[in-house]
Protein chains: 2
Amino acid sequence: MSAALSIGEVAEETGVPAKTIRYYEQIGLLPEPARADNGYRVYGARAVDELRFIKRGRGLGFSIADVEALLGLWRDKHRASGDVRALAERHIREIDEKLAELETMRAVLADLVARCHGDERPDCPILESLSSEAPDDCCHHDP
Amino acid sequence: MSAALSIGEVAEETGVPAKTIRYYEQIGLLPEPARADNGYRVYGARAVDELRFIKRGRGLGFSIADVEALLGLWRDKHRASGDVRALAERHIREIDEKLAELETMRAVLADLVARCHGDERPDCPILESLSSEAPDDCCHHDP
DNA sequence: GGTTGACCTTCCAGCGACTGGAAGCATTAG
DNA sequence: CTAATGCTTCCAGTCGCTGGAAGGTCAACC
């Protein structure tokens, strides 16, 4: 049978802080674990696996809602891999949007920094650009 | 003299929602405007300029705190352009970190998606990767 | 037996940067 | 007179945690 672990041991094992584990339980991402006589949470190997899954999903930038969906698909032995792939593809598109936005910002900033001599003199193209009369519809943002 | 504008007109003029303008005032980013007899906020051209400045700074990804600092430097006629440049350079480094993180995520996801056939069959490298026994120290995150 | 100290429990509050909504005046048009 | 805007305030929610307070529990040490 699988070893019984306290929340601290699971935290140690998975690298997910105990506070975060309780939080995941609170929002329903993790099932409520069994309790020892003293009220302490008691976890098995399954919880460790699920937490590792969650941690990796979060590490790839999936939202909690997405991780919840992926966890559901993972538990479902009859899932279609197409569903998983669709979720991942949508996430890649979101990442691409953020990348494009950040790259635009970076390019504008790098240009401004290059044109700013950066000494004690007060004239500065960076501030001039931020306060100029030009239209500022340059940077698109999500709705 | 400069035209007196209501909050709605300033919002229209700058593209910053009235709610956000009030929020900026509340957190001290914008000074409290004059009030008409009926209690309505009354703005001048200066507030419009400052809001445009803020909007552009936010559009370049600067935090509110950074925008506040930039606004201070902008108002200070004796500022050193080096201070502005240092702030912008630090921001570029933060953007570079986010870019690197997102690019790593994207690469991992793209690889997983490519290896997932994505049909009705349940076997899926994406889920396998999330649940594998391999160490998951692959993705670094900020402290 | 007493007392640390490390662990566990609960609940509440805060981060950033807004955004939405409720409840209530002000002003203007019809 | 009423309806439609627009303005005011304040409170709550978003997302994903994280910190802290106040207290219970357990093993070890003197």
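We name chains A, B, ... by the order of the sequence lines, and we start the count at 1 in each one.
- In this structure, CZ of A:Arg58 is placed 12 Å from P of D:dC15, rounded to the nearest angstrom.
- Counting any heavy atom pair closer than 4.0 Å across all strands shown, B:Phe62 reaches no nucleic acid atom.
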Inset, instruction - Quick one: do B:Asp76 and B:His78 satisfy side-chain hydrogen bond (donor to acceptor under 3.5 Å, both in side chains)? Show the steps, please. - result: CA-CA 5 Å; B:Asp76 176 10; B:His78 305 297; 5.4 Å; no
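- The distance between atom CD1 of A:Ile7 and atom P of C:dC7, rounded to the nearest whole Å, is 13 Å.
- Partners of B:Tyr24 by ring pair (Phe, Tyr, Trp, His ring centres under 6.0 Å), not counting sequence neighbours: none found.
- Under 4.0 Å is where a charged nitrogen must lie from a carboxylate oxygen, and between A:Arg41 and A:Glu25 at least one such pair does.
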Inset, instruction - Go along nucleotides 19-26 of chain C 5' to 3' and tag each nucleotide: B for a protein heavy atom under 4.0 Å from its base, S when only backbone or sugar atoms are that close, - otherwise. - result: SBB----S
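- B:Leu51 and B:Val42 are not part of a single hydrophobic cluster, where members link through side-chain heavy atoms under 4.5 Å apart.
- Ion pair A:Glu50/A:Arg46 flagged as a salt bridge, since at least one NZ, NE, NH1 or NH2 atom sits closer than 4.0 Å to an Asp/Glu carboxylate oxygen.
- Salt bridge status for A:Arg79 with A:Asp83: absent, with no side-chain N to carboxylate O gap under 4.0 Å.
- The phosphate of D:dG6 (OP1 or OP2) has no side-chain N or O of B:Arg41 nearer than 4.0 angstrom.
- Using a 4.0 Å cut-off between a side-chain N of Lys or Arg and a carboxylate O of Asp or Glu, A:Lys98 and A:Glu94 do not qualify as a salt bridge.
- With rounding to whole Å, A:Tyr43 atom OH is found 11 Å from C:dC8 atom C1'.
- What separates CD of B:Glu9 from P of D:dT5 is a distance of 17 Å, to the nearest Å.
- Of the listed nucleotides (D:dC7, D:dG16, D:dT8), D:dC7 has the atom at the smallest distance from the side chain of B:Ser6.
- Contact annotation for A:Ile27: no contact, since no heavy-atom pair falls under 4.0 Å across all strands.
- Rounded to an integer number of Å, the gap from B:Tyr24 OH to C:dG16 P is 14 Å.
- Contacts of residues 29-37 of chain A with DNA chain D (heavy atom under 4.0 Å): none.
- Separating the CG atom of A:Leu5 from the C1' atom of C:dC7 is a distance of 15 Å, rounded to the nearest angstrom.
- The side chain of A:Ser63 places no N or O atom within less than 4.0 Å of a non-bridging phosphate oxygen (OP1 or OP2) of D:dC15.
- By the neighbour-count criterion of 12 heavy atoms within 6.0 Å, atom CD of B:Glu103 is densely surrounded, having more than that number from other residues, nucleotides or ligands.
- Residues forming a ring pair (Phe, Tyr, Trp, His ring centres under 6.0 Å) with A:Tyr23 (at least two apart in sequence, or on another chain): none.
- Once rounded to the nearest 0.5 Å, the distance linking OG of A:Ser129 with CG of A:Leu109 reads 9.0 Å.
- A:Phe62 meets the ring pair (Phe, Tyr, Trp, His ring centres under 6.0 Å) test with A:His91; sequence neighbours excluded.
- Look at CD on A:Glu12: it is 11 Å from P on C:dC8, rounded to the nearest Å.
- When the C1' atoms of four end pairs are superposed on the next four at each end of the helix from C:dG1-D:dC30 to C:dG30-D:dC1, using five pairs per end, the two resulting axes differ in direction by 30°, to 10°.
- Relative to the side chain of B:Arg22, the nucleotides C:dC18, D:dC7, C:dC8 differ in distance, and D:dC7 lies closest.
- The pair A:Arg85-A:Glu89 meets the salt-bridge criterion, since a charged nitrogen lies less than 4.0 angstrom from a carboxylate oxygen.
- D:dC17 atom C1' lies 14 Å from atom CD1 of A:Ile54, rounded to whole Å.
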